[in-house]
Amino acid sequence: MVVSDILKFSIEMITEHDDKETICDSVNSLVEGCRLPVRMSGTDDWPLAEIVSMKEQQGLKYYYIHYVDFNKRLDEWVSEDCLDTRKVQFPRRDGATAPGTGAATPKKQIPSRPQSPSIVHNEPVNGSAVLQAALQKKMARKRKGTFVDNEDSQDGATPNTPSGPRSTGSLVAHHHDDVVTRMKNVELIELGRHRIRPWYFSPYPQEMVNLACIYICEFCLKYRKSRKCLERHLAKCNLRHPPGNEIYRKGSISVFEIDGRKNKIYAQNLCLLAKLFLDHKTLYYDTDPFLFYVMTEFDNHGYHMVGYFSKEKESTEDYNVACILTMPQYQRKGYGKLLIEFSYELSKFEGKTGSPEKPLSDLGLLSYRSYWAHTILDILLNVKPQLDNEKPQITINEICELTSIKKEDVIFTLQNLNLINYHKGQYIVILNKDIIGQHRSTMEKRKIRIDPKCLHWTPKDWSVRAKW
């Protein structure tokens, strides 16, 4: 090999190495969009992370980090000592990050991230500006005759492709990885006797997000700047339960139906609160087309919100849920499945099948998959044969009628459980002992269930606009 060829080969090798990773001599050369290993808080793990933003406080630099392949609720501010600068992937000139040896970003994610605006370095995000921009976008889409559609799911759920225009979900519409909304802007909220650290961005007013804690009335959901302001509000607030009609009560559990048009302020405050724990959403103030079902737990102090789901008054896609949330302080107690079960009881009263609006969050998808599986298995295990010597028979349509679960979700669940088999020209369902044992063990742990006899509700025909 001649000298020129050796030199050319060496340059190519150096270029290829630099495209992948670079040893960074100083954190001062780091910029937004860089990817490098970062120590995750509370663990000894160093997953690949991306620098979203940077700020300086009291002479120390802090970096807002998004862990690649992890949910955004784990995003956090870290100091310099949490960064491993031995393997840095600098963003290329075209805006993309150079490929590295660490964990790869899923194909569904946006390959490049624009730099954060200057306001996020030293000032809180202006929630009013976000709302104004969202409203302008919505009005522009309305003038064009279309509404916001679902983006690609990041949790494995397959988004539906509507054949025509439809309204957005529960005052909340899915949006792309927006520059402003990528960072948590609320440090802490106090709701009743609970202090909760939010997971995601929510467009509260700018004067609120600059505070160490936002104080929220747990009954009317109005927000205040200090505990003293909240105490003065509570002395005047007459509510001890959500506004609207109580349509279900059993034991200490009650569900209230709130009309987004009649109780607009409450609905808007509910969605502001919910946005703190719902990702990939944009808040709109158009609550008129939606109903909100708030589940509460009663004690001597009043009705405390456990969670809620929202629902379009008219859904051309047969969605029975637009947004659904169990408050973090009540999670892992069975309330998520209870909310899902309640949404399907409403569908049974309406005499139709329903499905949640896609895409679902990662936690929402897990809850729905579990609910679908155990509800369908309950039906299959209780099917009786018509004759003594025959095997039990049931069709997909019959399962849909009994559960109000949409056909596509029933088929998805049976396939996901590997229960469908093709035998002698027909599809059969085979239940093995392991699945039956797991199902019965899980159902024994579900202590709270919806009792249809305690639901006092009559469906309305919302196609008549006068009823809005």
### Message
Looking at E187 and R197, is any side-chain nitrogen of the basic one under 4.0 Å from a carboxylate oxygen of the acidic one?
### Response
yes

### Message
Quick check: closest heavy atoms across A49 and V38, and the distance to 0.1 Å?
### Response
CB-CG2, 3.7 Å

### Query
According to the interplanar angle, ranging from 0 to 90°, do the rings of Y293 and W457 count as parallel (below 30°), tilted (30 to 60°) or perpendicular (above 60°)?
perpendicular

### Message
Could you go through V52 and Y63, starting from their C-alpha distance and side-chain angles, then the distance that decides it, and tell me whether this counts as side-chain contact (heavy atoms from CB on, under 4.5 Å)?
### Response
CA-CA 7 Å; V52 177; Y63 302 83; over 6 Å; no

### Query
Which atom pair, heavy atoms only, marks the closest approach of C82 to V78?
CB-CB, 4.0 Å

### Query
Would you find a donor on one side and an acceptor on the other, under 3.5 Å apart, between the side chain of K337 and the backbone of S367?
no

#### Entry: Electrostatic pair R446:E341 at N-O distance under 4.0 angstrom
yes

### side-chain contact (heavy atoms from CB on, under 4.5 Å) evaluation trace for M327 with L273
CA-CA 10 Å; M327 295 300 294; L273 174 63; 4.2 Å; yes

### Message
When you compare the side chain of I450 with that of L455, does any pair of heavy atoms fall below 4.5 Å?
### Response
no

### Message
Using side-chain heavy atoms (C-beta onward) and a distance below 4.5 Å, is T353 in contact with K406?
### Response
yes

### Message
Please report whether the ring centroid of W77 lies less than 6.0 Å from that of Y64.
### Response
yes

### Message
How long is the straight-line distance from CD1 of I196 back to CD1 of I216, given to the nearest 0.5 Å?
### Response
8.0 Å

#### Entry: Listed partners of S79 passing side chain to side chain donor-acceptor pair (under 3.5 Å), at least two apart
D81

### Task
For R73, look at atom CZ and say whether over 12 heavy atoms of other residues, nucleotides or ligands are found less than 6.0 Å away.
yes

### Task
Using the side-chain contact (heavy atoms from CB on, under 4.5 Å) rule, take M295 and F309 through it: C-alpha gap first, then chi angles, then the decisive distance, then the call.
CA-CA 9 Å; M295 184 171 285; F309 69 88; over 6 Å; no

### Task
Check for a donor-acceptor pair, side chain of T442 on one end and backbone N or O of Q438 on the other, with a separation under 3.5 Å.
yes

### Query
After noting the C-alpha distance and the side-chain angles of Q331 and T326, does the key distance pass the side-chain hydrogen bond (donor to acceptor under 3.5 Å, both in side chains) rule?
CA-CA 6 Å; Q331 290 179 1; T326 305; 5.7 Å; no

### Query
Should K184 and F201 count as side-chain neighbours, where that means a heavy-atom distance under 4.5 Å?
no

#### Entry: Heavy-atom side-chain contact between P328 and F277 under 4.5 Å
yes

### Message
Heavy-atom count check: over 12 atoms from other residues, nucleotides or ligands less than 6.0 Å from K264 NZ?
### Response
yes

### Query
Taking C-beta and beyond as the side chain, do Y204 and Y223 meet within less than 4.5 Å on heavy atoms?
yes

### Query
Is a side-chain donor or acceptor of S310 paired with a backbone partner of C323 at a separation under 3.5 angstrom?
yes

### Task
Measure centre to centre between the rings of F256 and Y303, then say whether the value is under 6.0 Å.
yes

### Message
Please enumerate all residues that pass ring-ring contact (aromatic ring centres under 6.0 Å, His included) together with H301, with sequence neighbours excluded.
### Response
none

### Query
Heavy-atom distance under 4.5 Å between the side chains of I65 and D75, does that happen here?
no

## Note on the structure
side chain to side chain donor-acceptor pair (under 3.5 Å) filter on N263, not counting sequence neighbours, yields none

Mind listing the side-chain donor-acceptor pairs of residues 343-352 below 3.5 Å, one per line with the distance, residues two or more places apart or on another chain?
unit_1, atom_1, unit_2, atom_2, d
S343, OG, I340, O, 2.6
Y344, OH, W372, NE1, 2.9
E345, OE2, K348, NZ, 3.4
S347, OG, N320, ND2, 3.2
S347, OG, S343, O, 3.3
E350, OE1, K311, NZ, 3.1
E350, OE2, K311, NZ, 3.2

### Query
What's the spacing between S355 OG and Y319 OH if we round to 0.5 Å?
7.0 Å

### Task
Could you tell me whether a side-chain N or O of Y200 sits under 3.5 Å from a main-chain N or O of N185, the two making a donor and an acceptor?
no

### Heavy-atom check, side chain of H304 versus side chain of E218, under 4.5 Å
yes

### Task
For I247 and H456, run side-chain contact (heavy atoms from CB on, under 4.5 Å): C-alpha distance rounded to whole Å, both residues' side-chain angles, the deciding distance at 0.1 Å, then the answer.
CA-CA 5 Å; I247 61 173; H456 304 284; 5.8 Å; no

### Query
Any Lys/Arg nitrogen of E190 or R227 sitting under 4.0 Å from an Asp/Glu carboxylate oxygen of the other?
yes

## Note on the structure
All heavy atoms of A212 vs all of L188, minimum pair found to be O-CB, 3.5 Å

### Query
About how many Å separate CZ of R195 and CD of Q329, when rounded to the nearest 0.5 Å?
14.0 Å

### Message
How close do F412 and R369 get, counting heavy atoms only, and between which atoms?
### Response
CZ-NE, 3.5 Å

### Task
Output yes when K61 and E80 qualify as a salt bridge under the 4.0 Å nitrogen-oxygen rule, no when they do not.
no

### Query
Would you find a donor on one side and an acceptor on the other, under 3.5 Å apart, between the side chain of N269 and the backbone of L272?
no

### Expected output: side-chain E246 to main-chain S254 donor-acceptor under 3.5 Å
no

### Query
What distance do L211 atom CG and I189 atom CD1 have between them, rounded to the nearest 0.5 Å?
13.0 Å

#### Entry: Cation-pi, W199 ring and K72 (6.0 angstrom, 45 degrees)
no

### Query
Do NZ/NE/NH1/NH2 and the carboxylate oxygens of D288 and K313 come within less than 4.0 Å?
no

### Summary
Output for pair (F298 CZ, S252 OG), nearest 0.5 Å, gives 9.5 Å

### Task
Compare every heavy atom of R249 with every heavy atom of C454, then report the nearest pair and how far apart it is.
CB-O, 3.4 Å

### Counterpart residues, side chain to side chain contact (heavy atoms under 4.5 Å, CB included), relative to P47 (two or more places apart)
M40, D45, Y67, F70

### Message
So which atom in V306 and which in Y330 form the shortest heavy-atom distance, rounded to 0.1 Å?
### Response
CA-CD1, 3.8 Å

### Task
Taking the side chain as every heavy atom from C-beta outward, state whether V294 and T296 have any atom pair closer than 4.5 Å.
yes

### Task
Assess the pair Y248 and F342: is the distance between their ring centroids shorter than 6.0 Å?
yes

### Query
Does C237 have any side chain to side chain contact (heavy atoms under 4.5 Å, CB included) partners at least two apart in sequence or in another chain, and if so, which?
C217, C220, H233, L239

### Task
Decide salt bridge (Lys or Arg N to Asp or Glu O under 4.0 Å) for D84 and R39; before the verdict, give the C-alpha distance in whole Å, the side-chain angles of both, and the deciding distance to 0.1 Å.
CA-CA 8 Å; D84 182 359; R39 188 177 65 210; over 6 Å; no

### Summary
Output for pair (N210 CG, K225 NZ), nearest 0.5 Å, gives 10.0 Å

